[in-house]
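This is a predicted model, so every value here is computed, not measured.
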Amino acid sequence: MSRFFTKIRGKEKSFDQPGSSDAGHSGSRLRASTSTDSVVKSASANDFTFSAPSANVSSAPLPPPIHTASASYSSTGDLHSMNSAPPPPAAAAPSTAQSGLPAAPTKSRSVTLFSRTASSAHGGVRGRTRTLAAPASTAASTSSHGVADPSDKKSVKNFLAHWLMMRPSRDRLEANGVLPGSGGMSAALQVPPYEPQLFGVSLSAIVHKQTEQMLGVPEFLRHCFLFLTRYALGEKGLFRIAPDFVQLKNAKIAWDQGKPVKFTRDSNPHIVACLLKTWFREMPEPVLLFKHYPTWMGIMDLPAGPMRIKAITHLANALPLINRFVLYELLLLCRMVVDNAAHNMMNASNVSKVIAPNLLWQDPSQGIGVGFDMADVKRINELAEDMINHLPEIFSNAQYTDFLYKLSGPGSVHCCIKKKLVTHKRSITVMIPAGDSHSLYTVDSAGTLQRTRKSSASVTASLRLGDEANPPYAHCAIDLNRERLIIGTSGGIFVVNTEDLSLVSTAATEMTSVCVADGVLWAGGHDQLFFLHPSTFEPYDALAIPDVTITAMCYVPSTQSVWAAGSDGAIRVFSCTTKDCVAQWQIQESTIRFLLPHQTDDDRESVWVAGDSGQVTVLDPTSGSVLREIVKHQSKVRTLSPIGSTHVISAGFDSEMFIWDVSNFSAVASVTTFHTDTISSVVTEYNYDEAHWSMWSASFDRSVCLWRFG
């Protein structure tokens, strides 16, 4: 019996090779030397031997490793090319017996099985290329890529020997938590036995322990949903990339012990996404139910189209109420991830592949042995993809949307988020609706104008304003007769054709605010108020307002006047007929950011004023007297928008949105926002197709959100 040796992790080990002879050099004998930079293996028809390098060799420096399949180093340090014959030995070269080195194999060919250029999770060495020297008889069986034919028994044996040398040690497996042990991760994750409160617990048991404020949705799911929609929609590989094992396990144990982990802006989104998948995967019964498994598979055998979507809709709405709510919230999150596929690289197909296995599997108690039949994997993936793509059709009933962030109190408003799009690379400073009601225009701080199609949540056109090296900062914009978009920036006025989003003209005057009154374009800037020509859009007839920047303007129909507010906290009222200043009122604001005229159903008018003090002031449009001063925001209020004739919404630098009842000027409630920075613009509109109010909000966090009001 022969023995072969190898040096593994600094220790020499020997292994018996059965069926081999120890007698001298009978026949061709394979030898392989192992060094820190290369491993060369040779194979013979009989047996093989691994030997550690001798002492007189280890002192000799070896050349650097070669990362190609066309060359390898022998134990003597000579380079043998695969494409040319080995060089003849030097005349004065000592024999291998005299040098103590193993004889170089004859008629051998070096084959690289695989190469590692980075450290491997299984103990690979960074930057090392392992090569295999095979006899000439096996060279013909290698592929064009230099990999030995697996059908060759010798090649398979050599490959397995190579793989054994690459396998991780037990210490490393224990350190990574793969095997139980006394140290490393496994020791850090050892916790006393406890009764699980979340993972592996039924939905009904989880919801039963919660308060009514959660509206039937598990608190854990709500936390994950809020975090991922706020911070992670642009994260590449969301739901696909595996997080750190220890952090994931610690978070899971904390939640399972009833100690919720607070997810913050600095939390790892991949941990939260993986926790969410794990929770669904460890349910005692999948959210789509065991009993419906054959029915789901039968539905997916139908051809793709309206008939299949109708069948999915029918069965999804037959699920228990809690299952429907949980499924809807997960699919809504997946749809928002898909909407931002341009940033996170996760389209509907990619998301469905990682989510589907956690939604449905066969009942293991039926003797199947595994969670699902491998033949049904494709059907389940297609089911998840159909649900994501057709979410509004499948869950069209208002009960699935109203339960999300339902606001309570007198005159309560039902509000839920429908979409979140990360469309810009810089902060969005201006957003206005298109005149055709099908699109939105947004401008960021880098001077990039984008048009977004509301229905498809996709950017259909974009335009760079000004110089890229010195981009203009957008202050205001207005859509004029669905033909021209007028944008006021720090670098001047830009007039854009709305049809193809092409630049029509520019003017050098900085414009900080704009409004239309009786067909006349009024504009404000630094130290002046001026007008724009209706055809050329050139400024004319400037009115001097020294040391004041006009930051907000609005047209008040009842008094046929234009209100202009500025950085001094004063409101100046101009007659639309004479263009003269007829009144000036001072309020308790350092800088006024927004003016909103509002009229109720009984023709009561008011003007809402927002500014840097964090309060909203309501004024009488005729006398300018203060009707109410209301404070809710913790920072500057930047924008206001009406919700019909009954409510007004305010938003600002604190990323909060408050809804106000105009009948008594009281705050109905605050809306849980999914923005993480200043909300710069809010646009509300009535959706006649679905008979409800919608709202779009834009933020400095580069995103736009779509909301639904019940």
Side-chain angles (χ1 to χ4, degrees), residues 427-432 443-445 447 465-466 470-478 486-495 506-517 520-532 537-556 561-575 579-597 607-617 619 624 633 635-640 650-653 678-681 698 700:
S427 301
I428 301 175
T429 58
V430 172
M431 177 180 65
I432 60 171
V443 189
D444 63 20
S445 57
L465 303 175
N470 187 22
Y473 186 92
H475 299 298
C476 58
I478 188 170
I486 303 173
I487 305 170
T489 73
S490 59
I493 302 172
F494 294 85
V495 182
T506 61
T509 305
E510 180 174 1
M511 186 173 72
T512 56
S513 57
V514 64
C515 74
V516 178
V520 179
L521 281 169
W522 294 63
H526 296 300
D527 304 331
Q528 64 178 342
L529 185 148
F530 55 91
F531 306 92
L532 297 178
F537 306 105
E538 289 289 335
Y540 70 96
D541 289 350
L543 304 176
I545 306 177
D547 303 323
V548 175
T549 299
I550 304 300
T551 54
M553 300 181 73
C554 74
Y555 171 57
V556 182
S561 61
V562 171
W563 289 28
S567 56
D568 58 350
I571 298 175
R572 295 165 176 82
V573 181
F574 294 87
S575 170
K579 300 180 181 179
D580 295 330
C581 183
V582 296
Q584 180 173 330
W585 302 311
Q586 187 75 36
I587 64 174
Q588 296 180 358
E589 284 287 358
S590 57
T591 299
I592 297 174
R593 299 284 177 178
F594 205 91
L595 297 172
L596 174 68
V607 178
W608 293 60
V609 183
D612 286 357
S613 66
Q615 75 176 13
V616 176
T617 306
L619 302 179
H633 289 274
S635 186
K636 304 174 183 179
V637 183
R638 184 179 173 93
T639 185
L640 298 164
S650 63
F653 283 70
T678 299
I679 299 176
S680 56
S681 301
F700 284 2

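Expressed to the nearest 0.5 Å, how far CD of Gln586 lies from CD1 of Ile571 amounts to 9.0 Å. One finds the CD1 atom of Ile592 at 7.5 Å from the CG atom of Asp568 (value rounded to the nearest 0.5 Å). The OG atom of Ser650 sits 14.0 Å away from atom CZ of Arg638, with the distance rounded to the nearest 0.5 Å. Rounding to the nearest 0.5 Å gives a distance of 8.5 Å between NE2 of His633 and CD1 of Ile679. Interatomic distance, Ile493 CD1 to Thr506 OG1, rounded to the nearest 0.5 Å: 9.5 Å.
Of the possible donor and acceptor atoms, none in the side chain of Glu538 sits under 3.5 Å from a partner among the backbone N and O of Ala507. Ser490 places a side-chain N or O within donor-acceptor distance of the main-chain N or O of Tyr473, the cut-off being under 3.5 Å. Proximity of a side-chain donor or acceptor of Asp580 to a complementary backbone N or O of Val582 within less than 3.5 Å is not detected. At distances below 3.5 Å, not a single donor-acceptor pair connects side-chain atoms of Ser681 with backbone N or O atoms of Ala698.
Within the 4.5 Å cutoff, side-chain heavy atoms of Thr591 are placed close to those of Thr551. You'll find the side chain of Pro471 stays beyond 4.5 Å of the side chain of Leu465, heavy atoms only. Side-chain contact between Arg572 and Trp585 is absent, with no heavy-atom pair separated by less than 4.5 Å. Residues Phe494 and Pro472 have side chains in contact (heavy-atom distance under 4.5 Å, counting atoms from C-beta outward). Side chains of Ile545 and Asp527 form no contact here, defined as non-hydrogen atoms less than 4.5 Å apart. At least one side-chain heavy atom of Phe574 sits less than 4.5 Å from a side-chain heavy atom of Leu529. Two residues are said to be in side-chain contact when any heavy atoms from C-beta on lie closer than 4.5 Å; Ile432 and Val443 fail this criterion.
Classification of the Phe700-Phe653 ring pair by plane angle, with boundaries at 30° and 60°, yields perpendicular.
Here the closest heavy-atom approach between residue Phe530 and residue Gly525 is recorded as CE2-N, 4.1 Å. Taking every heavy atom of both residues into account, His475 and Thr489 meet most closely at CD2-C, 3.7 Å. In this structure, Gly566 and Val548 approach most closely via the heavy-atom pair CA-CG1, 4.0 Å. The shortest non-hydrogen separation linking Thr509 to Gln528 is CG2-NE2, 3.9 Å. Minimum interatomic distance between Ile487 and Met511 (heavy atoms only, all atoms of both residues): C-CE, 4.0 Å. Scanning all heavy atoms of the two residues, the minimum distance from Ser567 to Asp547 falls at OG-O, 4.5 Å.
In the displayed structure, Gln588 atom CD is contacted under 6.0 Å by at most 12 heavy atoms of other residues, nucleotides or ligands.
Aromatic ring centroids of Trp522 and Trp563 lie 6.0 Å or more apart.
With 3.5 Å as the limit, one finds a donor-acceptor pair spanning the side chains of His526 and Glu510. With 3.5 Å as the limit, one finds a donor-acceptor pair spanning the side chains of Ser613 and Glu589.
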Should Arg593 and Val637 be marked as a side-chain contact (heavy atoms from CB on, under 4.5 Å) after you check the CA-CA gap, both sets of side-chain angles, and the distance that decides it? CA-CA 7 Å; Arg593 299 284 177 178; Val637 183; over 6 Å; no

